[in-house]
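Protein chains get the first letters and strands the later ones, always in sequence-line order, with residue 1 at the start of each.
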Amino acid sequence: MKANPKDVFSGTYYIDGDVACAYGAAAAGCKFLAGYPITPSTEAAEAFAKLAPQIGAMFIQMEDELGSIVAVLGASWAGKKSMTITSGPGFSLMMEGIGFGAALETPFVIINIQRGGPSTGVPTRTGQADMMQARWGSHGDYEIIALSPDSPQESFEFTIKAFNLAERYRVPVMLMSDECVGHMTEKVVIPSASEIEVEPRRFYHGPKDQYLPFKPERDLVPPMVKAGEGYRLHLTGLVHDENGYPLLDCDIDEVTQKSTTRRLVDKIRANADKIIEIKEDSLDDAEVVVVSYGITSRVALKGIEQAREYGIKVGSLRLVTVWPFPEKRITELAHKIKGFVVPEINYGQIVFEVERCSHGKANVVLVPHGGAGVHNPDDIFEAIKQVAKNKEKYEGVVEYRTSLERLIFG
Amino acid sequence: MGKKTIGIRFAGFGGQGIIRSGIIVGRAVSIYDNKFATMNQSFGPEARGGACSSELVISDSKVLYPYVTVSDVLVVMSQEGYDKFEPELSEEGMLLIDEDLVKPKPPRGKIKIFSIPATKLAEELGNRIVANVVMLGFFTSLTKVVSVEAMRKAIPESVPSRFVELNLKAFDCGYEYSRKQKC
């Protein structure tokens, strides 16, 4: 269905990535934001708070991130498209609620404007080191979807995409932006509502007394109802049956396992081909492939340009959805190329996924960055050169020593 | 300036409209001149009083590297900003200063220095708050990285409506100053 014209502020803007997220959320039909201010994400919440009265939405500043994430779950179950916005420290605090949301199959969006470093880290500078936490941060088995934008324009577009995927699969979706994209100001074009596709909530339409909140449809996703409209609804973080009732010790057998935890995982894995989005460039005859995401994919293009001028056949694979990971495509490429170069603003996260999917068929080189800045494109170029020249096959991930690392560690 | 990608830095202290300057030029270039312009700014305490800066990368194609590492144009409105960012200026760059606030060293290499009493001119116009826009008029005339038309469209969208007229006057003042060296 098309976006509601009241929610879409069509026009050409000069805004930063954070503010673009707020416009994207509005366009997607988000009606509830609960959050706690944290640099470098505050501008997004502030911008949404300003739009909220115009679109009939609510913004609530909660006491902390623990409260925020659970308020978002409540609003989603009340029938509203909901989200929260945070950065590293807040993201960590939200993990319990995110797992709760995944277990309850609650659609909502979490925008994480990543900062550099662990703990309080570097609040005003960038990082990409929450990527594994996005996938595995809460305990137990579940799957989520994560997207990574490279510009304010994509921050707008991917926020809409995030809401659509959340509603489609009844799953928490994370927009893994970062400080550089969040605080970067560029032109953003917001099209008219008729050009924006939004996924409506999958409401149940059958007889009231027959509703089972966790009975899936054919794609493994169950339809929802609004709490408070007379349906019998029981929601618990305990592993539950189709009624939503906790499974007792004696109930847990292969059948119930299959319909509970297994389905939380399968509804994403079985639909992965439909969810995964990647952007490929010049992969046909590539000897080296740069795998990157978010701001790094943009900076990497500069290194790729340099390598092409130098005469190296280098292609680019950009992860639009980081989770689920494009395992099949990476494996396919690993059989054909010399190696992968993976620049990321951390000391090795997605690179290990690339290595896992390479099955030892291609060399995998990490170009690390400790955060608080983006890569020097020269380093990416040098790493590409190294992989292209290399005739040896290495085991495991090889770390490229960047100019910065050499400067610091000699 | 015939280069494909141009790096510009505005520096001063918090409250002078340094970040706003980056936004105005970025908006003019990317929306009205149909080029690409990526703006970044300083955050934290320095944006609210200390040495504050904004940086703008302008290009004919999508800006890939979003930060300025070597600036082609440095616009400074405080001595601290000059001291901090002068070393970053290209040896062939342009240095634009508020002459009452910045005392530059003899220029390195082929750096060209252009001076304007921007704050004083703004005071004469009635409000020192538009000193940054006087500077932008001067900047537009000298660097030609952005068209006058684009700037005159971007300014009203970037300032409170009651100050639009004053800001446009300030822009013209700075623009004319570069030609006549006075308003």
Side-chain angles (χ1 to χ4, degrees), chain A residues 11-19 39-43 87 113 115-116 122-126 150-154 178-190 290 292 294-306 316 318 343 372-381 403, chain B residues 4-5 7-10 14 18-48 50-70 88 146 150-151 153-159:
Chain A
T12 305
Y13 297 82
Y14 197 63
I15 49 178
D16 70 21
D18 279 359
V19 176
T39 302
S41 75
T42 309
E43 293 88 339
S87 183
I113 312 293
R115 53 167 72 180
V122 197
T124 54
R125 297 288 193 89
T126 197
D150 81 350
S151 60
Q153 180 70 40
E154 283 192 354
D178 69 276
E179 187 278 334
C180 182
V181 171
H183 279 166
M184 162 199 291
T185 302
E186 284 188 334
K187 180 163 99 170
V188 173
V189 179
I190 300 181
V290 177
S292 57
I295 184 60
T296 306
S297 58
R298 188 166 164 175
V299 174
L301 282 179
K302 213 161 175 173
I304 291 170
E305 269 177 13
Q306 281 170 265
S316 158
R318 189 190 149 202
V374 298
H375 286 80
N376 179 345
D378 294 346
D379 284 325
I380 297 169
F381 167 48
S403 44
Chain B
K4 218 179 136 215
T5 299
I8 298 163
R9 184 173 299 274
F10 298 94
I18 296 299
I19 290 165
R20 182 66 45 183
S21 298
I23 291 177
I24 293 172
V25 179
R27 176 175 280 143
V29 168
S30 63
I31 298 179
Y32 299 110
D33 277 345
N34 281 315
K35 288 196 222 166
F36 292 81
T38 302
M39 200 280 291
N40 273 288
Q41 63 182 81
S42 51
F43 284 92
E46 68 266 33
R48 291 160 182 84
C52 157
S53 92
S54 63
E55 52 191 298
L56 192 64
V57 183
I58 297 177
S59 176
D60 293 332
S61 54
K62 183 172 174 173
V63 174
L64 300 179
Y65 190 83
Y67 299 118
V68 171
T69 46
V70 177
E88 178 198 82
V146 57
M151 286 296 284
K153 281 181 197 158
I155 289 169
E157 289 177 16
S158 313
V159 301

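For A:Ile15, no part sits under 4.5 Å from any heavy atom of chain B, backbone or side chain. For B:Val29, no part sits under 4.5 Å from any heavy atom of chain A, backbone or side chain. For chain B, the nearby part of A:Glu179 is the side chain; its heavy atoms alone come within less than 4.5 Å. When heavy atoms are compared at a cutoff of 4.5 Å, B:Phe36 does not approach chain A at all. Only the side chain of A:Asp150 comes within less than 4.5 Å of a heavy atom of chain B; its backbone N, CA, C and O stay farther away.
B:Val63 and A:Arg298 get closest at one heavy-atom pair: O-NH2, 2.6 Å. The two residues B:Leu64 and A:Glu305 have their closest heavy-atom pair at CD1-OE2, 3.6 Å.
The side-chain heavy atoms of B:Ser42 and A:Thr124, taken from C-beta on, include no pair separated by under 4.5 Å.
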Worked check of side-chain contact (heavy atoms from CB on, under 4.5 Å) between B:Met39 and A:Tyr14: CA-CA 9 Å; B:Met39 200 280 291; A:Tyr14 197 63; 3.5 Å; yes
What verdict does the side-chain contact (heavy atoms from CB on, under 4.5 Å) test give for A:Lys187 and B:Asn34, after you've listed the backbone C-alpha separation in whole Å, the side-chain angles of each residue and the deciding distance to 0.1 Å? CA-CA 10 Å; A:Lys187 180 163 99 170; B:Asn34 281 315; 4.1 Å; yes
Determine whether B:Gln41 and A:Asp16 satisfy the following criterion, side-chain contact (heavy atoms from CB on, under 4.5 Å), listing intermediate values before the conclusion. CA-CA 11 Å; B:Gln41 63 182 81; A:Asp16 70 21; 5.7 Å; no
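With respect to chain B, the highest number of heavy-atom pairs below 4.5 Å among A:His375, A:Lys302, A:His183 belongs to A:His183. Residue with the most contacts toward chain B among A:Ser151, A:Ser297, A:Gly373, A:Cys180: A:Cys180 (heavy-atom pairs, distance under 4.5 Å).
Environment of CZ in A:Arg125: sparse, with no more than 12 heavy atoms of neighbouring residues, nucleotides or ligands closer than 6.0 Å.
In this structure, A:Asn376 CG and B:Tyr67 OH are separated by 13.5 Å, a value rounded to the nearest 0.5 Å. Distance check, rounded to the nearest 0.5 Å: CD of A:Glu186 to OG1 of B:Thr38 gives 3.5 Å.
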